[in-house]
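Everything below concerns the one structure shown next.
Note that ligands are numbered from 1 as they come in the structure, with each ligand's atoms numbered from 1 the same way. Heads up: numbering here begins at 1 and tracks the sequence.
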Amino acid sequence: MGVGIAHAFASSGHEVRLIDVSAEQLAKAEKTIAEILADGVRLGKVDETAAAAALAGLTVSQSVTDGAAGADLLVETVSENLAIKIDVVRQAEAVMATTGLIATNTSALSVTEIAAACQDPTRVIGMHFFNPVQKMKLIELVRGLATTDEAVALCRDYVAQLGKTAIVVNETPGLTTSRMSAMAGNEAMWMLQEGAATAEDIDTALRLGFNHPMGPLELGDLTGWDTRLSVLHYLHSTLGDKFRPCPLITKMVKAGRYGRKVGWGVYKYENGAKVPGSGLRGSQL
Ligand SMILES: NC(=O)c1ccc[n+]([C@@H]2O[C@H](COP(=O)([O-])OP(=O)(O)OC[C@H]3O[C@@H](n4cnc5c(N)ncnc54)[C@H](O)[C@@H]3O)[C@@H](O)[C@H]2O)c1
């Protein structure tokens with residue numbers, strides 16, 4: 001998600017510092033952003049000068065304290081783990097501009113709890129992007145208990161600069177979107193585990209029957225089953241048994257089959273494309 005978010009800000013004229021503990025992830029991110037911009041230029045959707053400016057305005061860092069120094073906005077998008085998120089926002093707050101906004105891209109965790117770890121919780125807000133960021137128009141802004149109207153207004157301005165649409169929601173576990181999509185993805189995995197239908201047919205059912213752009217298993221592969229499982233554990237603990245993670249998801253995560261990002265989830269992927277007929281079969285479960 002960090003790659004897509006960095007690309008969105010860089011291509012709307014912002015100076016961006018992309019921070020990750022992993023040098024490998026940073027190198028991959030820079031390459032992907034350059035490719036997205038080059039594709040945009042080739043398709044005539046992005047001006048060549050603007051693409052060059054976006055790349056020139058993007059730098060990377062492995063250190064939060066170096067990377068976030070003096071920043072007006074932090075979009076925290078590290079792994080869906082409260083302890084890691086709190087550690088990162090605390091480090092960033094200590095070096096950011098004193099008026100800087102701290103946004104978390106958490107899919108389901110408590111913005112209030114992340115904010116409570118900061119010196120000034122009034123400028124902490126949820127800024128929930130969707131995958132793939134360059135295609136998805138929605139950003140869900142989430143008010144924690146202490147988030148001020150001023151922080152919401154500032155964040156709305158950023159959303160407008162990115163050319164996206166904001167909805168503002170009060171904090172509840174899973175917000176509006178992750179709660180719905182975790183439920184559908186979990187249910188689809190229960191159906192697959194029970195042998196109710198093949199992976200391909202479950203996805204086709206929602207694409208053609210309900211006009212969803214992709215099926216729940218394809219979406220889980222895109223989101224990452226590791227991220228999806230963390231969200232489900234949190235929703236299970238806060239909203240009860242209806243969010244109990246399907247054991248098949250746990251099995252997939254244990255096997256390292258996280259989805260598209262590793263080339264294998266419910267489906268296999270080669271050169272970024274789904275391999276036809278590769279969906280999990282009942283006999284494999
Ligand atoms: N995947 C999605 O579709 C999606 C959609 C919306 C929101 N989100 C949220 O975005 C966040 C990230 O999700 P993701 O799927 O991109 O996860 P991911 O596991 O693919 O990426 C997380 C990145 O964080 C880095 N990281 C871990 N600890 C760090 C630290 N202490 N300092 C700096 N970098 C660190 C990792 O190296 C990794 O590159 C999660 O909170 C997730 O819930 C994900």
Side-chain angles (χ1 to χ4, degrees), residues 1-8 17-33 60-68 71 74-95 102-111 113-114 117 124-142 159 162 164 167 169 171 173-182 184-185 213-214 216-235 249 253 256-263 265:
M1 289 302 288
V3 178
I5 295 168
H7 163 261
R17 290 177 215 140
L18 182 57
I19 308 167
D20 201 295
V21 278
S22 155
E24 193 190 335
Q25 288 286 64
L26 287 173
K28 226 162 97 181
E30 280 187 296
K31 185 167 171 273
T32 306
I33 292 171
V60 299
S61 171
Q62 277 183 270
S63 149
V64 176
T65 42
D66 290 347
L74 173 85
V75 183
E76 168 291 302
T77 186
V78 294
S79 319
E80 187 75 346
N81 174 304
L82 189 64
I84 299 177
K85 288 187 183 293
I86 285 178
D87 181 46
V88 166
V89 294
R90 274 192 176 143
Q91 286 185 59
E93 188 185 29
V95 296
I102 298 174
T104 169
N105 182 41
T106 180
S107 302
L109 297 175
S110 165
V111 173
E113 207 170 348
I114 295 169
V124 180
I125 188 167
M127 192 175 193
H128 185 215
F129 288 79
F130 294 83
N131 196 0
V133 179
Q134 75 264 31
K135 288 198 181 141
M136 304 304 278
K137 290 283 175 213
L138 180 68
I139 299 181
E140 198 174 18
L141 300 183
V142 189
V159 173
L162 300 182
K164 300 201 185 285
I167 57 165
V169 303
E171 179 190 321
L175 318 175
T176 52
T177 49
S178 303
R179 186 164 158 180
M180 292 300 296
S181 119
M214 65 173 75
L217 301 171
E218 293 164 329
L219 183 58
D221 270 5
L222 180 66
T223 300
W225 292 103
D226 50 339
T227 300
R228 180 50 67 76
L229 185 60
S230 304
V231 170
L232 280 167
H233 280 311
Y234 183 69
L235 295 181
I249 302 179
V253 171
R257 289 175 63 159
Y258 301 149
R260 267 186 183 268
K261 62 185 168 189
V262 294

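A 4.5 Å side-chain heavy-atom check between K164 and M136 finds every atom pair outside the cut-off.
An N or O contact shorter than 3.5 Å is missing between F130 and ligand 1 by distance. Where the criterion is an N or O separation shorter than 3.5 Å, residue side chain and backbone included, D226 fails it with respect to ligand 1.
Proximity of T223 to ligand 1, defined as any heavy-atom pair under 4.0 Å, is shared by backbone and side chain alike. Contact annotation for Q25 and ligand 1: only side-chain heavy atoms (C-beta onward) come within less than 4.0 Å of the ligand. Only the side chain of T227 comes within 4.0 Å of ligand 1, judged by heavy-atom distances.
In summary, K261 and D226 engage in a salt bridge, as defined by a charged side-chain N under 4.0 Å from a carboxylate O.
For atom 31 (N) of ligand 1, the choice among N131, D20, L222, V88 with the nearest heavy atom turns out to be V88. Of the candidates I5, V133, V3, T77, the one placing a heavy atom closest to atom 12 (C) of ligand 1 is T77. Scanning S107, A23, G126 for the heavy atom closest to atom 43 (O) of ligand 1 points to S107.
Q134 contributes no side-chain N or O that, together with a main-chain N or O of H7, makes up a donor-acceptor pair within less than 3.5 Å.
The closest approach between G224 and ligand 1 stays at or above 4.0 Å for every heavy atom of the residue. Within the structure, the closest approach of E76 to ligand 1 does not fall below 4.0 Å when heavy atoms are considered.
For atom 24 (O) of ligand 1, a protein heavy-atom neighbour is found at a distance under 4.0 Å.
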